[in-house]
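The next block holds one structure in the form of structure tokens; read it before the comments.
Scope of the values below: all heavy atoms of this structure, side chains included, with no hydrogens, waters or symmetry mates. Small disclaimer: the values here were computed from a predicted structure and weren't measured.
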Amino acid sequence: MTQQEFEQRVGMSVNATEYASIENVYMASDLDKDAFCILWEKMNFKRVARAREEKSVKLKEQMKKEQLFDILNKPYGKNEFGTLADNFYSKSEKSVLESIGIHMQQERNGIPFFVSVASVLVDLRKYLKVA
């Protein structure tokens, strides 16, 4: 079994030194690849679960970033920059924006007001660190 096959079966990466040890144990066993990997997962269940959780978090962050770039690159007309963001963005777009702290409604001197699309785009560019 190759390191790549092992990593695909257990759902996490290991370094070359660790894989060399794993391979020695595997070669000394009479188990097939799948059975060995299942047993290894059981013996390392906390580590495997943590690696899978980290992978899931990274994937969610990547998806959110893609959604934010989609919002940033959405086609905007000249007149839409002054439009109230609350009226312009969809419910799902507002949800993604609000998850990073960009709100459609803000408060100044105790007075609530709705922000413009232009204001949202400025904040979004700052968050994504793009010019």
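Other members of the hydrophobic cluster containing Ile22, listed by chain and number, are Met1, Phe6, Val10, Met12, Val14, Tyr19, Val25, Tyr26, Met27, Leu31, Phe36, Leu39, Trp40, Met43, Val48; membership follows side-chain contacts under 4.5 Å among ILVMFWY residues, whether direct or relayed. Alongside Phe114, the hydrophobic cluster contains Leu84 (criterion: ILVMFWY side chains under 4.5 Å). Hydrophobic cluster membership of Phe45, counting Ile, Leu, Val, Met, Phe, Trp and Tyr whose side-chain heavy atoms lie under 4.5 Å apart directly or via other members: none, as it forms a cluster of its own.
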Intermediate values then yes/no, side-chain contact (heavy atoms from CB on, under 4.5 Å), Leu97 and Met104: CA-CA 9 Å; Leu97 289 165; Met104 304 298 111; 3.8 Å; yes
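When hydrophobic clusters are built by joining Ile, Leu, Val, Met, Phe, Trp and Tyr residues whose side-chain heavy atoms come closer than 4.5 Å, directly or via intermediates, Val122 is not grouped with Ile102. No path of Ile, Leu, Val, Met, Phe, Trp and Tyr side chains, each step under 4.5 Å between heavy atoms, connects Ile100 with Met63, placing them in separate hydrophobic clusters. Hydrophobic clustering of Ile, Leu, Val, Met, Phe, Trp and Tyr side chains at less than 4.5 Å, counting indirect connections, keeps Phe113 apart from Ile111.
In this structure, CG on Leu121 lies 10.5 Å from CD on Glu80, to the nearest 0.5 angstrom. Atom CG of residue Asn87 and atom OG of residue Ser116 lie 12.0 Å apart, to the nearest 0.5 angstrom. Here the SG-CG distance, from Cys37 to Asp32, works out to 9.0 Å after rounding to the nearest 0.5 Å.
Remark: Glu66 engages Gln62 in a side chain to side chain donor-acceptor pair (under 3.5 Å) (not counting sequence neighbours). Asp34 pairs by the side chain to side chain donor-acceptor pair (under 3.5 Å) definition with Arg9, not counting sequence neighbours. Residues forming a salt bridge (charged side-chain N to carboxylate O under 4.0 Å, His left out) with Lys64 (at least two apart in sequence, or on another chain): none. Not a single side chain to side chain donor-acceptor pair (under 3.5 Å) links Ser95 to another residue, sequence neighbours left out. Every ring pair (Phe, Tyr, Trp, His ring centres under 6.0 Å) that Tyr76 has, sequence neighbours left out, goes to Phe81, Phe88. A search for side chain to side chain donor-acceptor pair (under 3.5 Å) contacts involving Glu23 returns nothing, not counting sequence neighbours.
The list of salt bridge (Lys or Arg N to Asp or Glu O under 4.0 Å) pairs with a residue in residues 84-93, not counting sequence neighbours, reads Lys74-Glu93, Asp86-Lys94. Applying the salt bridge (Lys or Arg N to Asp or Glu O under 4.0 Å) test to residues at least two apart or on different chains, the pairs with a partner in residues 46-61 are Glu18-Arg47, Glu41-Arg52. For residues 100-123, no pair satisfies salt bridge (Lys or Arg N to Asp or Glu O under 4.0 Å), with sequence neighbours left out.
Counting heavy-atom neighbours within 6.0 Å of Asn79 CG, excluding the residue itself, gives a total of 12 or less.
Between the Gln8 side chain and the Glu5 main chain, no donor and acceptor come within less than 3.5 Å of each other.
Between Leu124 and Leu128, some side-chain heavy-atom pair lies under the 4.5 Å cut-off.
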